[in-house]
Amino acid sequence: MIEKLREKIFAWILKRQPARTIIMPQWDKVRSVVVLYPNDNIQHIIKQIEKDEKEVVVFTLPDKKQIDWITERPKKDIREILIARQFDLLIDLTQQPSLTMQYMAMDIQADFKVGRFIHEGIHDMTIDTAPQEAPDYLFEQIVKYIKMFGR
């Protein structure tokens, strides 16, 4: 029951987000990347991005005390951090559905947002992978398609 209510609140908030102009970037021209992942076990992926001379910021799942228990949305202080800076690219490596991570992906300010398909309307491009796939595979697919189609 509470899950359905949470999902309806999320859909309502998502629907009220301002429209954005969406242009897939060229990988070579991306300078700032924000990576969203539930924990920090992706250091090897961060190093790959940094090797391409890109600034990387990582956001992980906040502590339960920093999440509103009714909606599962990060509290205001976390949301202020998420919206404080504009990035060229959001790479969401979240594998399993999580309202908290979906709120974070929605709130992060990025010119282009890409990740695994979990909820329609969050990302500008989604990659269809199995939830049990390693984040490495999702990352490789994201970079492959941005390099292929970015302009």
Side-chain angles (χ1 to χ4, degrees), residues 3 6-7 10-11 13-15 17-68 71-75 77-151:
E3 286 302 315
R6 287 176 175 155
E7 289 173 17
F10 175 79
I13 292 171
L14 182 62
K15 193 178 210 180
Q17 293 298 304
R20 301 179 313 118
T21 302
I22 301 166
I23 299 172
M24 185 183 287
Q26 291 179 356
W27 182 254
D28 295 339
K29 294 191 178 177
V30 170
R31 294 289 153 237
S32 60
V33 177
V34 58
V35 177
L36 188 60
Y37 191 66
N39 58 57
D40 61 1
N41 294 339
I42 54 167
Q43 293 306 315
H44 57 289
I45 291 174
I46 304 310
K47 288 179 183 171
Q48 286 179 344
I49 298 170
E50 289 174 337
K51 192 193 282 187
D52 283 347
E53 299 180 6
K54 298 171 187 343
E55 177 189 4
V56 183
V57 173
V58 179
F59 288 116
T60 59
L61 189 65
D63 183 84
K64 287 194 180 287
K65 294 177 185 174
Q66 298 171 309
I67 300 171
D68 179 273
T71 62
E72 292 188 6
R73 187 174 192 182
K75 291 186 178 178
D77 56 331
I78 299 293
R79 290 196 319 267
E80 287 175 352
I81 293 168
L82 297 174
I83 65 171
R85 176 152 179 233
Q86 182 72 30
F87 295 91
D88 295 330
L89 178 64
L90 163 66
I91 297 177
D92 184 352
L93 297 176
T94 305
Q95 300 294 96
Q96 301 293 330
S98 160
L99 274 178
T100 302
M101 297 302 281
Q102 291 172 3
Y103 275 116
M104 291 174 72
M106 177 180 65
D107 289 336
I108 289 172
Q109 302 299 301
D111 294 338
F112 194 76
K113 298 180 179 187
V114 62
R116 187 176 162 273
F117 180 80
I118 293 176
H119 191 284
E120 190 173 335
I122 298 173
H123 301 102
D124 304 317
M125 180 177 83
T126 58
I127 307 292
D128 189 18
T129 63
Q132 64 273 17
E133 289 282 351
D136 304 69
Y137 178 75
L138 178 57
F139 174 72
E140 290 168 12
Q141 296 303 304
I142 288 170
V143 172
K144 172 180 142 183
Y145 285 108
I146 289 177
K147 286 180 176 180
M148 189 182 308
F149 298 114
R151 48 188 174 108

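By convention here, the first residue in the shown sequence is residue 1.
- Shown are V34, V35, I146; of these, the side chain to side chain contact (heavy atoms under 4.5 Å, CB included) with L89 is made only by I146.
- Taking CG from D52 and CG from D28, the interatomic distance works out to 8.0 Å, rounded to the nearest 0.5 Å.
- Distance CD1/I91 to CD1/I45: 8.5 Å, rounded to 0.5 Å.
- Taking CG of D92 as the start and OG1 of T126 as the end, the distance is 11.0 Å to the nearest 0.5 Å.
- The number of heavy-atom neighbours closer than 6.0 Å to CG of N39, taken from other residues, nucleotides and ligands shown, is above 12.
- Judged as a side-chain contact (heavy atoms from CB on, under 4.5 Å), and not counting sequence neighbours, the contacts of K75 are D77.
- Using a 4.5 Å heavy-atom cutoff, the side chains of F139 and Q48 are in contact.
- The side-chain heavy atoms of I42 and P135, taken from C-beta on, include a pair separated by under 4.5 Å.
- Going from atom CD of Q95 over to atom OH of Y37 covers 6.0 Å, rounded to the nearest 0.5 Å.
- Formation of a donor-acceptor pair under 3.5 Å by the Q66 side chain with backbone atoms of D63 is found in this model.
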Under 3.5 Å, side-chain donor or acceptor atoms of residues 103-115 against the rest of the protein: list the pairs with distances, not counting sequence neighbours.
| from | atom 1 | to | atom 2 | distance (Å) |
| --- | --- | --- | --- | --- |
| D107 | OD1 | R73 | NH2 | 3.0 |
| D107 | OD2 | R73 | NH2 | 3.4 |
| Q109 | NE2 | D107 | O | 2.8 |
| D111 | OD1 | Q86 | NE2 | 2.7 |
| K113 | NZ | A105 | O | 2.8 |
| K113 | NZ | M106 | O | 3.0 |
| K113 | NZ | I108 | O | 2.9 |

Do any side-chain atoms of residues 53-61 form donor-acceptor pairs under 3.5 angstrom with protein atoms, and if so which ones, sequence neighbours left out?
| from | atom 1 | to | atom 2 | distance (Å) |
| --- | --- | --- | --- | --- |
| K54 | NZ | W27 | O | 2.7 |
| K54 | NZ | V30 | O | 3.1 |
| E55 | OE1 | R85 | NH2 | 2.7 |
| E55 | OE2 | R85 | NH1 | 3.0 |
| E55 | OE2 | R85 | NH2 | 3.4 |

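- The salt bridge (charged side-chain N to carboxylate O under 4.0 Å, His left out) test applied to D68 returns no partner, not counting sequence neighbours.
- Nearest heavy atoms, T129 versus E133: CB-CG, 4.3 Å.
- Rounded to the nearest 0.5 angstrom, E120 CD and L14 CG are separated by 9.5 Å.
- Using a 4.5 Å heavy-atom cutoff, the side chains of K29 and D88 are not in contact.
- Atom NZ of K144 sits about 12.5 Å away from atom CD1 of I142, to the nearest 0.5 Å.
- Looking at residues two or more places apart in sequence or on another chain, you find no salt bridge (charged side-chain N to carboxylate O under 4.0 Å, His left out) involving R31.
- Residues passing the salt bridge (charged side-chain N to carboxylate O under 4.0 Å, His left out) test with E3 are R6, sequence neighbours excluded.
- Annotation: side chain of I127 is not in contact with side chain of Y137 (no heavy-atom distance under 4.5 Å).
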